[in-house]
There are 2 protein chains.
Amino acid sequence: MTVEPLRNEESALPLRERKKLRTRRVLADTALRMFLERGFDETTLDDLVNTVEVSVRTFFRYYSSKEEVAMAAEGELWEAYAAEVARLRISGPVLPRLRDCYANAVRGLSEDWAERYLATRKLAARTPALRVHHAGTTQDLHARLVETLEDELGVDSREDVRLRLIGEMALASVRYGTKNWMRTRGHRGDADDTETLITEVGRAFDALPGALALSPDTLAQSG
Amino acid sequence: MTVEPLRNEESALPLRERKKLRTRRVLADTALRMFLERGFDETTLDDLVNTVEVSVRTFFRYYSSKEEVAMAAEGELWEAYAAEVARLRISGPVLPRLRDCYANAVRGLSEDWAERYLATRKLAARTPALRVHHAGTTQDLHARLVETLEDELGVDSREDVRLRLIGEMALASVRYGTKNWMRTRGHRGDADDTETLITEVGRAFDALPGALALSPDTLAQSG
DNA sequence: GGCATTATGCCAGTCACTGGCAGATTATCC
DNA sequence: GGATAATCTGCCAGTGACTGGCATAATGCC
């Protein structure tokens, strides 16, 4: 297995932990590369683990499915977003805070994340199985967000459906802001990719009131 | 295979078509019953096809996956909803029309649908694989709705993100209205289940503006 | 009744995923 | 620095979802 440089300063960790971290990364990076080159369905897990020189059994100790390793970059984002919302102490309107949390989460990710994320989403766009997986993880994230909001606001989401709805709105904004980001970013990989992503997602958040009131008459004022 | 009565008046169809329709239904009904009794993961496809006395190969000519046959009732709803939106000619605010479409779609479904749907959703609530499948089909439905709205409104959803957002809002309302319906319906199967479902989903639609403006200060006015 | 069409069943195969156990590697304690 | 405990990894054999190809059977049509 090719030894790759560590992304952050986790060199302080014990040898065993560093090795595990590296295996995780090599698996995700190699998987992404192979899936993009040959296609997700056309690449078997055997292909992947042979390339990385790891047994199948070991693979499943790092990732719970072929889909998960493909979407590892998105998983990082979801984790960061959930953590950011968990730290939140709310006063004032909730939705703008959820938007801020997203920005903070993205800014806290590692240097090369944006590039990997863009590649991941491109792969998902052409792979039905990954779109389904994406939908599933998004729903899981929604459940976590709502649970956090329940604790923070002291409201039962079964009693007040608005908690669930606002969670959906936030995640919808994330989803379609990201989609627009992918379109604008095209094929190059700029250094300020993350800031563009944050801007696009912010735009989607801001478009929510307009979407709610959408009618043929209001189509003129776009956004 | 036990011969079940036809649900509607499709007796006019040629024999072959009636048989196919019946096989489809027996598969879905038996699957739902077995999954509820023994659990989704614990019931193999072999168990199912042996019970229905159909070969595995034939099963996959009717349903594309084990998940799909389990969620057949939801599939009927999604089809009806998409068809209803496709018939829509919009003037005035879009969101209330999407709510009406849902009501019309539900009212157009067959007599025993509500009972099967409730059972389906209960099963999905305790089966991770089905929750993922549900998320996936919802996303597919969203794509169809947005496409329809694009045609109807003459707007490109890539240019105006509000189209996508309003689709998400509608489907979120459907999702959480349904969740509340399941809670209120509990275990019995009333005759007016469908109207209660429509009412609950309507409530969720109406809660959207309040969700958008949600803040600790507005928590008092629930719904 | 005969022929074209279409549905079904069987077979053999691929691939994702899993439990259990043996062997290797790393951490820890003296 | 060497023994021991904890952990990680690989191998094996298996299950179960899903598929292509081909022969057979049922149905529709005349």
Side-chain angles (χ1 to χ4, degrees), chain A residues 1 3 10-28 30-31 34-35 38-72 123 127-133 136-137, chain B residues 1 3 6 10-28 30-31 34-35 38-72 123 127-133 136:
Chain A
M1 154 186 349
V3 174
E10 285 121 355
S11 323
L13 289 171
L15 174 60
R16 183 175 279 167
E17 294 304 315
R18 269 182 290 162
K19 269 186 139 178
K20 287 206 297 185
L21 226 44
R22 184 149 54 215
T23 306
R24 258 193 88 82
R25 283 171 183 165
V26 174
L27 278 172
T30 311
M34 292 180 78
F35 293 161
R38 307 186 205 171
F40 180 79
D41 293 325
E42 289 70 25
T43 311
T44 68
L45 268 181
D46 271 349
D47 293 341
L48 173 60
V49 298
N50 287 337
T51 305
V52 183
E53 292 184 297
V54 161
S55 76
V56 179
R57 203 68 191 76
T58 296
F59 169 83
F60 282 104
R61 289 186 187 108
Y62 284 93
Y63 295 97
S64 63
S65 70
K66 191 181 172 186
E67 285 79 16
E68 195 188 315
V69 72
M71 304 294 278
L123 177 64
T127 312
L130 292 183
R131 284 205 302 271
V132 172
H133 185 265
T137 57
Chain B
M1 157 185 351
V3 175
L6 291 170
E10 285 124 356
S11 325
L13 289 171
L15 173 60
R16 183 174 279 170
E17 294 305 314
R18 268 182 290 161
K19 269 186 139 179
K20 288 206 297 186
L21 226 45
R22 184 149 54 216
T23 306
R24 257 193 88 81
R25 284 172 181 164
V26 176
L27 277 172
T30 311
M34 292 180 79
F35 293 161
R38 306 185 206 171
F40 180 79
D41 293 324
E42 290 70 25
T43 310
T44 68
L45 266 181
D46 271 349
D47 293 341
L48 173 60
V49 298
N50 287 337
T51 305
V52 184
E53 293 185 295
V54 162
S55 75
V56 178
R57 204 70 192 75
T58 297
F59 169 84
F60 281 105
R61 287 183 187 109
Y62 284 93
Y63 295 97
S64 63
S65 71
K66 192 182 171 187
E67 285 79 15
E68 193 187 316
V69 72
M71 304 296 277
L123 176 64
T127 312
L130 291 183
R131 283 205 302 270
V132 172
H133 185 265

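Computed over heavy atoms, backbone and side chain alike; hydrogens, waters and symmetry mates excluded. Labels below follow one simple rule: chain letters A, B, ... track the order of the sequence lines, proteins then strands, and each chain is numbered from 1. Keep in mind it's a predicted model, so treat the numbers as computed, not measured.
Taken to the nearest 0.5 Å, the CG atom of B:L45 stands 10.5 Å off from the CG atom of B:N50.
Residues passing the salt bridge (Lys or Arg N to Asp or Glu O under 4.0 Å) test with B:R57: none are found, sequence neighbours excluded. In this view, A:D41 satisfies the salt bridge (Lys or Arg N to Asp or Glu O under 4.0 Å) rule with no residue, not counting sequence neighbours.
One can place CG of B:L48 at 14 Å from C1' of D:dG16, the figure rounded to the nearest angstrom. One can place CD of B:E42 at 11 Å from P of D:dG16, the figure rounded to the nearest angstrom. When rounded to the nearest whole Å, the span between NZ of A:K20 and C1' of C:dA27 equals 13 Å. We find that CG of B:L21 is positioned 13 Å from P of C:dA7, with the value rounded to whole Å. Atom CG of B:D41 and atom P of D:dT15 are 17 Å apart (whole Å). Atom-to-atom, CZ of A:F59 to P of C:dT18 comes out at 10 Å; the value is rounded to the nearest Å. The interatomic distance linking B:N50 (CG) with C:dC10 (C1') rounds to 14 Å, in whole Å. The distance between atom CG of A:D46 and atom P of C:dA16, rounded to the nearest whole Å, is 7 Å.
Comparing atom distances between the A:K19 side chain and each of C:dT25, D:dG21, D:dC18 picks out C:dT25 as nearest. Distances from the side chain of B:V54 to the nucleotides D:dT9, C:dG9, D:dC18 place C:dG9 closest.
Between A:R61 and A:T44, the residue anchored nearer the 5' end of DNA chain C, judged by the nucleotide with its closest heavy atom, is A:T44. Looking at which nucleotide of DNA chain C each of A:F60 and B:R57 is closest to, the 5′-most match is held by B:R57.
For the pair B:S55 and C:dG9, the criterion of a side-chain N or O lying under 4.0 Å from OP1 or OP2 is met.
Between the side chain of B:T58 and the main chain of B:V54, no donor-acceptor pair closer than 3.5 Å is present.
Side chains of B:E67 and B:T127 form no contact here, defined as non-hydrogen atoms less than 4.5 Å apart.
Across all strands shown, B:Y62 has heavy atoms under 4.0 Å from sugar-phosphate atoms exclusively, and none from any base.
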